[in-house]
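Because only heavy atoms are used, hydrogens play no part in the values below, and waters and symmetry mates are left out as well, while side chains stay in. Values in this document were obtained by computation on a predicted structure and should not be read as measured data.
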Amino acid sequence: MAKTTDWNPILRSEFAKPYWGELQRFVAQERSAHEVFPPDEEVFTALHLTPFADVKVLILGQDPYHGPGQANGLAFSVRDGVRVPPSLVNIYKEMATDLGLAIPPSGNLEPWARQGVLLLNTSLTVRSGEAASHQQKGWEMFTDEVIHAVNGKTDRVVFVLWGASARKKKAFIDESRHVVIESPHPSPLSAHRGFFGTRPFSRANDALVDAGRDPVDWSLGPN
């Protein structure tokens, strides 16, 4: 995390642990031999765009997208001009049903991140064309610490856990203070098994307003 954010003092102790050096060497070796996404300068975009102090919703993904030009350091998000991936298409469909919003033309979720929605993947890098290629290399130890830190916030946070991998992190969350919204993953393989109809966007805003926090404006384009 080269840029200075309020996450630095919270996560600084991780950088001294043995796994961190091993992880960084692994990623550097991968970049020297393969194309790795996202670009090095965008690996920590989620933490740079969403300061710890601002986090009100945490949406947990798994891997960055492994197609060229897709990953931008935010879970489920892609750059402007990149075709919206199938999982995000389904997220947008549910958002439209839930809130009556128009489906946005862009898959760039930066406006959410700038409102306190932490779009965190459990693994922060991936080899081009090879899903899960950087899992179990150390990233999960780091992102688990991010989740623990958010769980430690005194203000209510809504944790949105989509899919089996994300739902395992529910064990980290104190539900006496925070709210968990969980369902199957929005990917085409599982969305029809219980993702559609869960209304996560309105439920998240209801939970925030109930705790005296400002709701998220989920709209991403003209309605």
Side-chain angles (χ1 to χ4, degrees), residues 1-3 7 11 14-15 17-50 58-93 106-110 112-113 117-147 160-170 172 182-193 195:
M1 281 195 307
K3 298 177 184 176
W7 286 101
L11 300 171
E14 296 303 296
F15 308 147
K17 295 179 180 178
Y19 85 87
W20 184 259
E22 295 171 8
L23 170 62
Q24 296 312 305
R25 285 190 290 275
F26 166 76
V27 173
Q29 290 167 357
E30 284 283 285
R31 288 195 188 278
S32 69
H34 308 279
E35 192 167 17
V36 171
F37 303 129
D40 187 57
E41 66 274 12
E42 295 182 354
V43 169
F44 299 105
T45 295
L47 301 179
H48 294 148
L49 290 186
T50 310
L58 191 159
I59 297 179
L60 192 62
Q62 192 164 353
D63 263 358
Y65 294 121
H66 56 264
Q70 290 184 305
N72 66 355
L74 301 174
F76 297 104
S77 177
V78 293
R79 306 166 191 278
D80 289 321
V82 174
R83 184 178 180 182
V84 179
S87 291
L88 186 53
V89 168
N90 285 338
I91 290 169
Y92 282 174
K93 287 179 180 177
S106 171
N108 191 335
L109 304 181
E110 281 191 26
W112 292 358
V117 179
L118 182 62
L119 295 163
L120 183 70
N121 280 314
T122 54
S123 182
L124 298 187
T125 56
V126 68
R127 187 188 296 179
S128 175
E130 297 188 36
S133 51
H134 288 190
Q135 289 181 15
Q136 306 307 317
K137 302 296 184 181
W139 279 127
E140 293 86 353
M141 297 176 72
F142 178 73
T143 53
D144 280 357
E145 196 59 33
V146 173
I147 297 167
V160 180
L161 309 179
W162 289 328
S165 178
R167 293 170 86 169
K168 291 177 182 176
K169 309 299 183 183
K170 184 177 179 179
F172 299 168
E182 58 178 323
S183 77
H185 197 275
S187 79
L189 296 174
S190 56
H192 291 281
R193 298 180 195 155
F195 170 75

Greater than 12 external heavy atoms within 6.0 Å of K17's NZ: yes
Check: Q70 main-chain N/O paired with R79 side-chain donor or acceptor under 3.5 Å: no
Side chain to side chain contact (heavy atoms under 4.5 Å, CB included) between F37 and Y65, intermediate numbers included: CA-CA 7 Å; F37 303 129; Y65 294 121; over 6 Å; no
Counterpart residues, side-chain hydrogen bond (donor to acceptor under 3.5 Å, both in side chains), relative to S187 (two or more places apart): S190
L60 vs L58, side chain to side chain contact (heavy atoms under 4.5 Å, CB included): CA-CA, chis, key distance, verdict: CA-CA 6 Å; L60 192 62; L58 191 159; 3.9 Å; yes
Residues that F76 engages under ring pair (Phe, Tyr, Trp, His ring centres under 6.0 Å), provided they are two or more places apart: W162, H185
R167 side-chain N/O to E182 backbone N/O, donor-acceptor pair under 3.5 Å: no
W139 and T122 side chains, donor-acceptor separation under 3.5 Å: no
Atom pair CE/CD of M141 and Q136 - distance to nearest 0.5 Å: 10.5 Å
Residues E130 and H66: side-chain donor-acceptor under 3.5 angstrom: no
Pair F172-D144, side chain to side chain contact (heavy atoms under 4.5 Å, CB included): steps then yes or no: CA-CA 9 Å; F172 299 168; D144 280 357; 3.5 Å; yes
Side-chain heavy atoms of T50 within contact of V117, under 4.5 Å: no
Approximate separation, where rounding is to 0.5 Å, of E14 CD and F142 CZ: 7.0 Å
Heavy-atom pair with the smallest gap, counting every atom of Y92 and S106: OH-O, 2.7 Å
Minimum-distance pair of heavy atoms, taken over all atoms of L118 and A46: CD1-O, 3.5 Å
Greater than 12 external heavy atoms within 6.0 Å of R83's CZ: no
Minimum-distance pair of heavy atoms, taken over all atoms of P188 and P86: CG-CB, 3.4 Å
Nearest-0.5 Å distance that lies between atom CD1 in I147 and atom CG in L120: 6.0 Å
Any donor-acceptor pair under 3.5 Å from N90 side chain to A191 backbone: no
Closest non-hydrogen atom pair, S183 against F195: OG-CD1, 3.5 Å
Worked check of salt bridge (Lys or Arg N to Asp or Glu O under 4.0 Å) between E35 and R127: CA-CA 6 Å; E35 192 167 17; R127 187 188 296 179; over 6 Å; no
All side-chain contact (heavy atoms from CB on, under 4.5 Å) counterparts of Q135, not counting sequence neighbours: Q62, D63, S123, A132, E140
Gap between atom CG of L119 and atom CG of L49 - 0.5 Å precision: 9.0 Å
Side-chain donor/acceptor of T45 to backbone N/O of E42, under 3.5 Å: yes
With L109, the side chain to side chain contact (heavy atoms under 4.5 Å, CB included) member among N72, V78, I59, L88: L88
Euclidean distance, L23 CG relative to R25 CZ, rounded to 0.5 Å: 9.5 Å
Inter-residue atom distance L47.CG - L11.CG, 0.5 Å rounding: 6.5 Å
Intermediate values then yes/no, side chain to side chain contact (heavy atoms under 4.5 Å, CB included), K137 and V27: CA-CA 9 Å; K137 302 296 184 181; V27 173; over 6 Å; no
